[in-house]
Amino acid sequence: MKLYSGRELSSIDNNWRQWRMAKGELITPSGWGLTPDRIITGNALIEIGAERDRVNMSKIIRTARQLKELPKSRRGC
């Protein structure tokens with residue numbers, strides 16, 4: 001019940017600081033809601049990825065983080 005109500009997970013381990021559970025989703029520090037299916041899919045993609053895929057994935061994640069930081073007026077919203 002505590003996890004469902006939006007509790008932070010930092011009490012589990014310091015690595016979980018700013019992560020929380022809310023309404024059945026794991027919420028990242030950046031606010032992304034992850035369902036079990038998304039977590040499993042992401043892990044599977046990492047497990048089957050070759051080194052080149054890992055480099056590309058790193059670039060994609062870095063770009064996504066930069067785009068998220070843009071002001072809303074520059075994102076066309």
Side-chain angles (χ1 to χ4, degrees):
M1 184 65 169
K2 287 181 180 180
L3 290 177
Y4 189 80
S5 65
R7 300 287 181 163
E8 289 200 11
L9 302 177
S10 58
S11 62
I12 295 171
D13 185 272
N14 219 15
N15 290 326
W16 288 101
R17 189 181 17 200
Q18 296 184 341
W19 289 74
R20 60 188 174 88
M21 291 293 296
K23 299 181 182 173
E25 291 185 340
L26 178 62
I27 310 298
T28 68
S30 59
W32 294 5
L34 301 174
T35 62
D37 288 343
R38 289 185 74 171
I39 294 169
I40 291 169
T41 302
N43 188 60
L45 291 172
I46 290 169
E47 289 294 320
I48 65 172
E51 185 57 36
R52 182 172 166 82
D53 292 337
R54 291 174 202 234
V55 170
N56 290 334
M57 181 176 60
S58 175
K59 290 177 184 178
I60 290 168
I61 291 171
R62 189 176 323 119
T63 302
R65 287 181 180 151
Q66 291 172 343
L67 289 173
K68 186 171 177 20
E69 296 302 318
L70 287 176
K72 285 188 177 185
S73 61
R74 293 193 61 190
R75 286 190 265 171
C77 297

(message) So, using side chain to side chain donor-acceptor pair (under 3.5 Å) as the criterion, who are the partners of Asn14 when residues are at least two apart?
(response) none
Side-chain donor-acceptor pairs under 3.5 Å in residues 59-67, sequence neighbours left out?
unit_1: Arg62; atom_1: NH2; unit_2: Ser58; atom_2: OG; d: 3.4
unit_1: Thr63; atom_1: OG1; unit_2: Lys59; atom_2: O; d: 2.9

(request) Starting at CG of Leu26, measure out to CZ of Arg20 and round the result to the nearest 0.5 Å. (result) 10.0 Å
Under 3.5 Å, sequence neighbours excluded: what are the donor-acceptor pairs made by side chains of residues 32-42?
unit_1: Thr35; atom_1: OG1; unit_2: Arg38; atom_2: N; d: 3.4
unit_1: Thr41; atom_1: OG1; unit_2: Asp37; atom_2: O; d: 2.8

(request) Please report the closest heavy-atom contact between Pro29 and Arg17, naming both atoms and the distance. (result) CG-O, 4.1 Å
(message) side chain to side chain contact (heavy atoms under 4.5 Å, CB included) for Trp19 and Ile27? Distances and angles first, verdict last.
(response) CA-CA 6 Å; Trp19 289 74; Ile27 310 298; over 6 Å; no
